[in-house]
Trainee: 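First the structure, then my questions, so here it is.
Quantities reported herein were computed from a predicted structural model and do not represent experimental measurements. No hydrogens, no waters, no symmetry mates; every other heavy atom, side chains included, goes into these values.
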Amino acid sequence: FLDTQAKADRRAKLLQKEFVKNHQRIQADVLYGPHYDIGQTIRVIDAQNNIADNFFCEALSSTSPGSISLELARYPS
């Protein structure tokens, strides 16, 4: 609980560190799959852009029948 100003200040400083990190974001159009879900970790392998890492699914939307658009983000530790 944030019941004191000191606790609220400490929590705000920790959140600020997360917000200013260099988050890598990508958008990918893929074939529909019922297994895609917001909050899921998805392995992205793209030899053309030299990416092979886990990304967090932040949003998904239907772009056309049979395909969806994924908004993915990689958060450095």
Trainee: Is there a path of hydrophobic side-chain contacts, each under 4.5 Å between heavy atoms of I/L/V/M/F/W/Y residues, joining Leu60 to Ile26?
Mentor: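 Yes, it is one cluster - the side chains of Ile26 and Leu60 are joined through contacts under 4.5 Å.
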Trainee: Could you pull out the closest heavy-atom pair between Arg74 and Asn54, with the gap in Å?
Mentor: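 In this case the closest contact between Arg74 and Asn54 is CG-O, 3.9 Å.
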Trainee: Return the set of residues passing side chain to side chain contact (heavy atoms under 4.5 Å, CB included) with Gln5 (not counting sequence neighbours), or none when no residue passes.
Mentor: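 Residues passing side chain to side chain contact (heavy atoms under 4.5 Å, CB included) with Gln5: Ala8, Asp9.
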Trainee: Which residues satisfy the salt bridge (Lys or Arg N to Asp or Glu O under 4.0 Å) test with Arg10, sequence neighbours excluded?
Mentor: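 Scan of Arg10 (salt bridge (Lys or Arg N to Asp or Glu O under 4.0 Å), adjacent residues dropped) gives none.
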Trainee: Would you give the length of the straight line joining atom CZ of Phe55 to atom OG1 of Thr41, rounded to the nearest 0.5 angstrom?
Mentor: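 So the gap between those two atoms works out to 11.5 Å.
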Trainee: Which heavy atom in Thr63 sits nearest to a heavy atom in Ser69, and how many Å separate them?
Mentor: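 Residues Thr63 and Ser69, closest heavy atoms: CG2-CB, 3.3 Å.
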Trainee: Do you know the tightest heavy-atom contact between Leu72 and Cys57?
Mentor: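 Heavy-atom minimum between the residues: CD2-CA, 3.7 Å.
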Trainee: Does a sphere of radius 6.0 Å around CD in Gln16 hold more than 12 heavy atoms from other residues, nucleotides or ligands, not counting ones at 6.0 Å or beyond?
Mentor: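 No - once you tally the heavy atoms of other residues, nucleotides and ligands closer than 6.0 Å, there are 12 at most.
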Trainee: Could you pull out all donor-acceptor pairs under 3.5 Å where a side-chain atom in residues 31-39 meets a protein atom, sequence neighbours excluded?
Mentor:
none

Trainee: Between Ser64 (side chain) and Ser67 (backbone), is there a donor-acceptor pair under 3.5 Å?
Mentor: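 No.
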Trainee: Do Val44 and Asp53 make a side-chain contact, defined as non-hydrogen atoms from C-beta onward lying under 4.5 Å apart?
Mentor: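 Result no, sub-4.5 Å side-chain heavy-atom pair not found.
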